[in-house]
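Whatever order the structure lists them in is the order used to number ligands and atoms, beginning at 1.
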Amino acid sequence: MTLITDVRLRRILDSRGNPTVEADVVTESGGFGRAAAPSGASTGEYEAIERPPGEAIAAAREHAVPRLVGEAYAGNQREVDAILRAADGTNDFSKIGANSAVAISMAAAKAGADVLGAPLFQHLGGTFRGENFPIPLGNVVGGGEHAADATDIQEFLAAPVGAPNVEDAVFANAAVHAAVSDLLAERGVPSGKGDEGAWAPSIDDETAFEIVDEAVSLVEDEVGFEIRFGLDVAAAEMYDADSETYEYESAGISRDTDEQIDYIADLVDEYDLVYVEDPLDENDYDAFAELTDVVDSAALICGDDLFVTNTDRLAEGIDVGAANSILIKPNQIGTLTDAFDAIELATANGYESIVSHRSGETEDATIAHLAVATDVPFIKTGAVGGERTAKLNELIRIADDAT
Ligand SMILES: O=C(O)[C@@H](CO)OP(=O)(O)O
Ligand SMILES: [Mg+2]
């Protein structure tokens with residue numbers, strides 16, 4: 001029933017107005033799945049390769065589609081993804097492009113779910129997936145590679161850890177986003193938005209901490225449950241390998257690795273941060289380990305560019321204690337199978353997993369289902385903006401259907 005009978009690929013727009021790959025997968029019994037690849041701006045050095053969409057589509061049509069049509073079953077995700085890997089033949093999807101691979105992989109999962117008549121999260125997670133729902137991490141202020149003339153730290157993320165349900169959590173993040181706007185207006189600071197819909201004012205990080213801290217407290221008082229916040233430092237983007245320093249350009253501050261470790265540990269302490277992603281350079285496992293040791297269980301220290309959803313890099317990190325959590329982005333590695341394997345390895349070693357969007361997104365909501373299916377504690381998918389609310393609203397629907 002789930003035998004794949006057609007795979008169609010096309011270029012569609014992403015949220016930045018760039019082209020990306022969309023895939024349709026059709027099965028023998030009429031099952032249908034459609035998915036689109038997201039795209040990063042602050043990409044990790046070790047990510048799978050995203051090819052220009054036109055080239056990725058042509059390569060996938062030549063090498064992957066003939067091996068799938070009439071051969072593979074959409075209900076067997078591991079088989080579909082193994083065929084994608086074999087058709088590509090490289091270890092980083094540089095032939096068919098990780099963008100073609102991930103779009104086909106996710107579309108096949110949806111087609112498989114469609115045939116079964118099950119929601120995607122249940123198809124992926126099975127009947128014993130548990131009853132938890134992820135807490136959304138919502139980007140409310142940001143800069144780095146996502147906006148010019150804004151904060152050095154890439155993302156300030158609201159984390160409604162005490163929310164009684166998904167719906168309240170999603171609305172709390174939107175309220176923090178709105179409160180930040182009011183506080184900026186009070187200070188007379190004009191602001192546009194960055195790629196992920198976060199406010200991107202021309203302020204230094206210190207001011208951003210003050211504003212986000214205040215916004216979180218205001219909304220916490222309003223809603224009556226605990227809201228904390230976290231960061232994606234995206235430190236690889238500010239690391240200068242020649243001088244071995246982290247360059248905070250808007251503040252005119254340069255920190256060496258030890259100073260960076262102290263700085264982040266102090267921030268965790270001062271602001272009671274619940275989550276810090278990529279606080280150090282993507283090649284510096286040892287510095288990551290040092291910080292993780294200092295912070296201990298006070299906050300999640302999460303590897304994004306460090307691990308790139310790659311089990312080999314995660315295994316290396318586990319060996320040295322480089323973090324206590326991993327960001328999961330299916331397009332960083334190319335297939336859902338690889339993303340599941342990374343989560344499984346993380347869980348087996350006491351690491352938490354956080355499923356994440358990219359800065360360039362589409363209306364595709366697969367990651368909402370992936371996060372629920374795998375029972376992860378957090379999903380990072382913005383606070384506002386259509387391509388972000390596509391996932392947040394899907395989470396609300398999933399919770400509504402499942403309870
Ligand atoms: O660094 C990140 O975590 C992501 C998403 O927030 O950004 P990008 O997609 O640009 O890599
Ligand atoms: Mg990141």
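With 2.8 Å as the limit, Asp305 does not count as an N, O or S neighbour of the Mg ion (ligand 2). Within the 2.8 Å limit, Glu277 places at least one N, O or S atom next to the Mg ion (ligand 2). The Mg ion (ligand 2) has an N, O or S atom of Asp304 inside 2.8 Å of it.
When each of Asp149, Asp204, Asp152, Thr151 is checked for a side chain to side chain donor-acceptor pair (under 3.5 Å) with Ser250, only Asp152 meets the rule.
By the 30° and 60° cut-offs, the orientation of the rings of Tyr275 relative to Phe378 is tilted. Between Phe307 and Tyr351, the ring planes are tilted. Angles from 30° to 60° get that label.
Taking every heavy atom of both residues into account, Val372 and Pro134 meet most closely at CG2-CD, 3.9 Å. Thr292 and Ala322 get closest at one heavy-atom pair: OG1-O, 3.1 Å.
Glu22 meets the salt bridge (charged side-chain N to carboxylate O under 4.0 Å, His left out) test with Arg10, Arg34; sequence neighbours excluded.
Residue Asp232 approaches the Mg ion (ligand 2) most closely through its N/O/S atom OD2.
Phe225 does not carry Arg228 over the face of its six-membered ring by the limits of under 6.0 Å from the centre and within 45° of the normal. Remark: Arg255 is not positioned above the aromatic ring of Tyr246, lacking an NZ or CZ atom under 6.0 angstrom from the ring centre and at most 45 degrees off the axis.
Within 4.0 Å of ligand 1, contacts by protein heavy atoms are made from Gly40, Ala41, Ser42, His146, Gln154, Glu155, Glu196, Asp232, Glu277, Asp304, Leu327, Lys329, His357, Arg358, Ser359, Lys380.
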